[in-house]
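Read the structure below first, then the notes.
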Amino acid sequence: MADPKGFLTTGREVAETRPVAERVKDWNEVYVPGSLLPIISKQAGRCMDCGIPFCHNGCPLGNLIPEWNDYAYRENWQAASERLHATNNFPEFTGRLCPAPCESACVLGISQPAVTIKNVEVSIIDKAWDTGDVKPQPPERLSGKTVAVIGSGPAGLAAAQQLTRAGHTVVVYERADRIGGLLRYGIPEFKMEKRHVNRRIEQMRAEGTKFRTGIEIGRDLTATDLRKRFDAVVIAAGATTARDLPVQGRELNGIHQAMEYLPLSNKVVEGDFVTPPITAEGKHVVVIGGGDTGADCVGTAHRQGAASVTQLEIMPRPGEERSSGQPWPTFPMLYKVTSAHEEGGERVYSVSTTHFEGDADGNVQSLHLVEVEFVDGKLTRKPGTERAIPAQLVTLAMGFTGTDVENGLVSQFGLALDERGNIARDADFATNIDGVYVAGDAGRGQSLIVWAIAEGRSAARGVDRYLTGASELPAPIRPTDRALTV
């Protein structure tokens with residue numbers, strides 16, 4: 001145990017953020033660089049080294065959290081990094097982007113604020129990069145087998161790295177112009193600077209993974225051609241079909257899916273544009289959807305100089321503490337104030353959009369909404385609560401309904417879908433087509449980055465066993481596993 005009295009003597013401290021007036025003027029990460037290291041050892045010492053560490057169950061990767069907390073407390077950063085990488089290929093991604101179901105399952109969280117597991121994780125990996133402890137791990141010998149990975153998000157990258165290290169020749173295909181999937185273009189720079197993605201890609205290249213950008217399987221390269229070239233295929237194309245809002249006025253200019261809007265600001269940071277083709281500058285912005293993607297739109301609009309930002313959510317405002325219906329160690333739905341919300345804007349709950357209105361040129365100018373409530377379990381409009389709010393840019397951040405079926409990937413492979421529209425798979429993550437596997441949101445549906453990495457690692461084991469007859473690669477989850485929720 002790191003510090004037997006740590007959870008009694010040390011209060012919870014989290015990463016310090018830069019002042020709002022400063023950070024909204026740039027795209028750098030919101031946290032003060034280097035602010036964690038002076039406090040993180042004591043924070044790691046709050047870990048109780050529980051007899052049954054429920055944080056292991058909260059995390060689908062099975063991260064060895066008490067072990068690397070102990071090393072971090074003792075400032076043995078090399079050992080901490082080794083324990084961290086034993087279960088997680090990309091802790092710098094999860095340490096920045098994961099909503100931390102491990103903290104919701106922390107035993108200390110029963111009676112006081114949980115251990116800052118995310119902050120400890122990101123401190124360990126950032127220190128490991130600074131000290132050169134993160135090195136390429138090329139295989140000792142090649143198997144002679146080839147694998148194609150479709151998609152370069154966290155699931156695809158995790159599968160590719162595991163299979164490369166197992167000795168297979170792996171090629172990752174990405175339809176965008178840069179590697180990273182939603183890590184690259186769906187996550188704003190202020191949440192995770194893309195240098196973290198870039199150096200992982202360079203590590204993977206040094207290990208032997210090959211990358212091909214600007215190639216969409218199903219359009220640019222057929223499934224038949226791909227199967228002829230490779231011994232196995234891993235589909236990690238994500239759940240990119242966005243949920244739409246079919247109401248009057250949806251066709252007006254200025255109404256965009258979040259994943260049409262967010263990538264353009266990242267392309268500005270990459271140097272592709274001076275100003276984005278879709279910008280919030282000087283406009284009244286409405287974000288429909290109260291989740292993390294909606295918050296990303298809010299923060300992006302602030303940095304682009306929006307006149308106002310309003311975020312709408314159809315569900316009621318969550319509580320700030322666990323309710324009896326969301327007991328420990330489940331992941332509770334709580335009222336969350338992200339860094340983007342700290343920067344301003346209005347959040348409106350229990351409302352539904354009825355229609356949009358535009359000007360003579362077909363540009364959206366206002367959004368009409370109505371308050372809603374649950375009556376006998378059904379969402380019902382409240383009479384007399386209709387009103388309009390100004391809206392010159394609207395982003396739809398209402399989640400995703402499944403993987404892309406319009407590009408031909410599903411039909412060309414002949415893949416079976418489950419009842420939710422995801423690609424069906426068996427216990428080894430294999431589809432109904434021999435040698436074709438699926439990992440991540442394409443098979444699970446919209447989920448968290450930590451689940452995507454776990455899926456990629458588990459699918460890699462299935463592929464390795466298919467190619468060689470046996471596998472020593474870890475498989476932290478089964479396709480049927482789900483988060484600790486009620």
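For CZ of Arg420, the number of neighbouring non-hydrogen atoms (other residues, nucleotides, ligands) closer than 6.0 Å is 12 at most. A 6.0 Å sphere centred on CZ of Arg219 holds more than 12 heavy atoms belonging to other residues, nucleotides or ligands. The environment of CE in Met333 is sparse: at most 12 heavy-atom neighbours from other residues, nucleotides or ligands sit within 6.0 Å. Heavy-atom neighbours of Glu260 CD from other residues, nucleotides or ligands within 6.0 Å: above the threshold of 12. The local environment of NZ in Lys191 is crowded, with over 12 non-hydrogen atoms from other residues, nucleotides or ligands closer than 6.0 Å.
Applying the side-chain contact (heavy atoms from CB on, under 4.5 Å) rule to Pro332 yields the partners Ser104, Arg322, Gln326, Leu334; only residues at least two apart in sequence or on another chain are considered. For Asp428, the salt bridge (Lys or Arg N to Asp or Glu O under 4.0 Å) partners are Arg465, not counting sequence neighbours.
Applying side-chain hydrogen bond (donor to acceptor under 3.5 Å, both in side chains) to His196 and the options Lys194, Arg199, Arg200 leaves one that passes, Arg199.
Residues Arg229 and Leu221 meet the side-chain proximity criterion, which asks for heavy atoms closer than 4.5 Å. Contact check for Asp220 versus Arg212: no side-chain heavy atoms found under the 4.5 Å cut-off. Inter-residue side-chain proximity for Met204 and Phe211 is flagged as met; some heavy-atom pair is nearer than 4.5 Å. Residues Phe230 and Val147 have side chains not in contact (no heavy-atom distance under 4.5 Å, counting atoms from C-beta outward). With a 4.5 Å cut-off on side-chain heavy atoms, Ile117 and Cys55 count as touching. With contacts defined as side-chain heavy-atom distances shorter than 4.5 Å, the pair Phe400/Met259 qualifies. The side-chain heavy atoms of Leu183 and Ile449, taken from C-beta on, include a pair separated by under 4.5 Å. The shortest side-chain heavy-atom distance between Cys102 and Ile65 falls under the 4.5 Å cut-off.
Note on Arg205 versus Glu202: salt bridge recorded, some NZ/NE/NH1/NH2 to OD/OE distance being below 4.0 Å. A salt bridge links Arg96 to Asp126: at least one charged side-chain nitrogen sits closer than 4.0 Å to a carboxylate oxygen. Salt bridge Lys336/Asp292: present, at least one basic N to carboxylate O contact under 4.0 Å. Using a cutoff of 4.0 Å between basic side-chain nitrogens and carboxylate oxygens, Glu270 and Arg184 are scored as salt-bridged. Remark: Asp130 does not engage Lys127 in a salt bridge, criterion side-chain N to carboxylate O under 4.0 Å. Between Arg165 and Glu207 a salt bridge is recorded (basic side-chain N to carboxylate O distance below 4.0 Å).
Side chain of Thr431 to backbone of Val436: a donor-acceptor contact under 3.5 angstrom is found. Side-chain atoms of Arg457 come within 3.5 Å of backbone N or O of Thr87 as a donor-acceptor pair. No donor-acceptor distance shorter than 3.5 angstrom exists from the side chain of Gln446 to the backbone of Gly402, with no hydrogens or angles considered. Put simply, the side chain of Gln257 gets close to the backbone of Arg243: a donor and an acceptor are under 3.5 Å apart. Side chain of Arg461 to main chain of Ser471: a donor-acceptor pair is present (N/O by atom type, distance under 3.5 Å, no hydrogens or angles). Not a single donor-acceptor pair under 3.5 Å links the side chain of Ser81 to the backbone N or O of Gln78. Between the side chain of Thr17 and the backbone N or O of Tyr31 there is no donor-acceptor pair closer than 3.5 Å. A side-chain donor-acceptor contact under 3.5 Å links Asn266 to the backbone of Ile187. Put simply, the side chain of Glu189 never gets that close to the backbone of Glu29: no donor and acceptor are under 3.5 Å apart. The backbone N or O of Ala105 lies less than 3.5 Å from a partner atom in the side chain of Trp328, making a donor-acceptor pair.
Put simply, CD1 on Ile40 and OH on Tyr73 are 14.0 Å apart, with the number rounded to the nearest 0.5 Å. Atom OG1 of Thr209 sits about 10.5 Å away from atom CD of Gln162, to the nearest 0.5 Å. Rounding to the nearest 0.5 Å gives a distance of 10.5 Å between OG1 of Thr164 and CG of Leu157. Taking CD1 from Ile314 and OH from Tyr349, the interatomic distance works out to 14.0 Å, rounded to the nearest 0.5 Å. To the nearest 0.5 Å, atoms OG1 (Thr395) and CD1 (Ile278) are separated by 10.0 Å. Between Leu84 atom CG and Trp77 atom CH2 the span is 11.0 Å, to the nearest 0.5 Å.
When all heavy atoms are compared, the tightest approach of Ala439 to Ala459 is CB-CB, 3.7 Å. The two residues Ala295 and Thr338 come nearest to each other via the heavy atoms CB-OG1, 3.8 Å. What you find for Glu67 and Arg83 is that their closest heavy atoms are OE1-CD, 2.9 Å. In terms of heavy atoms, Asp231 sits closest to Tyr466 at O-CE2, 3.7 Å. What you find for Thr241 and Thr403 is that their closest heavy atoms are OG1-O, 3.2 Å. Contact record, Ala159 with Val234: CB-CG1, 4.3 Å, taken as the closest heavy-atom pair.
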*May I have the step-by-step check of side-chain contact (heavy atoms from CB on, under 4.5 Å) for Arg317 and Arg347, ending in yes or no?*
CA-CA 9 Å; Arg317 184 186 186 275; Arg347 305 168 76 178; over 6 Å; no

*Check the pair Gln412 / Thr222 against side-chain hydrogen bond (donor to acceptor under 3.5 Å, both in side chains), numbers first and verdict last.*
CA-CA 7 Å; Gln412 287 179 23; Thr222 68; 4.8 Å; no

*Check the pair His85, Gln137 against side-chain hydrogen bond (donor to acceptor under 3.5 Å, both in side chains), reporting the backbone distance first and the verdict last.*
CA-CA 12 Å; His85 281 102; Gln137 300 177 37; over 6 Å; no

_Worked check of side-chain contact (heavy atoms from CB on, under 4.5 Å) between Arg195 and Trp129_ = CA-CA 12 Å; Arg195 61 188 177 88; Trp129 279 108; over 6 Å; no

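For the pair Arg227 and Phe413, the NZ or CZ position fails the cation-pi test of under 6.0 Å to the six-membered ring centre and within 45 degrees of the ring normal.
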Acceptor/donor pairs from residues 173-181 side chains to any protein atom, 3.5 angstrom cut, sequence neighbours excluded:
residue: Glu174; atom: OE1; partner: Ser152; partner atom: N; Å: 3.2
residue: Glu174; atom: OE1; partner: Ser152; partner atom: OG; Å: 2.6
residue: Glu174; atom: OE2; partner: Ala176; partner atom: N; Å: 2.9
residue: Arg175; atom: NH1; partner: Glu216; partner atom: OE2; Å: 2.9
residue: Arg175; atom: NH1; partner: Asp404; partner atom: OD2; Å: 3.3
residue: Arg175; atom: NH2; partner: Thr240; partner atom: OG1; Å: 3.4
residue: Asp177; atom: OD1; partner: Tyr185; partner atom: OH; Å: 2.6
residue: Asp177; atom: OD2; partner: Lys267; partner atom: NZ; Å: 3.2
residue: Arg178; atom: NH1; partner: Tyr185; partner atom: OH; Å: 2.8
residue: Arg178; atom: NH1; partner: Asp272; partner atom: OD2; Å: 2.8
residue: Arg178; atom: NH2; partner: Asp272; partner atom: OD1; Å: 3.0

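In the model, Gln112 has a side-chain atom that pairs as donor or acceptor with a side-chain atom of Arg46 under 3.5 Å.
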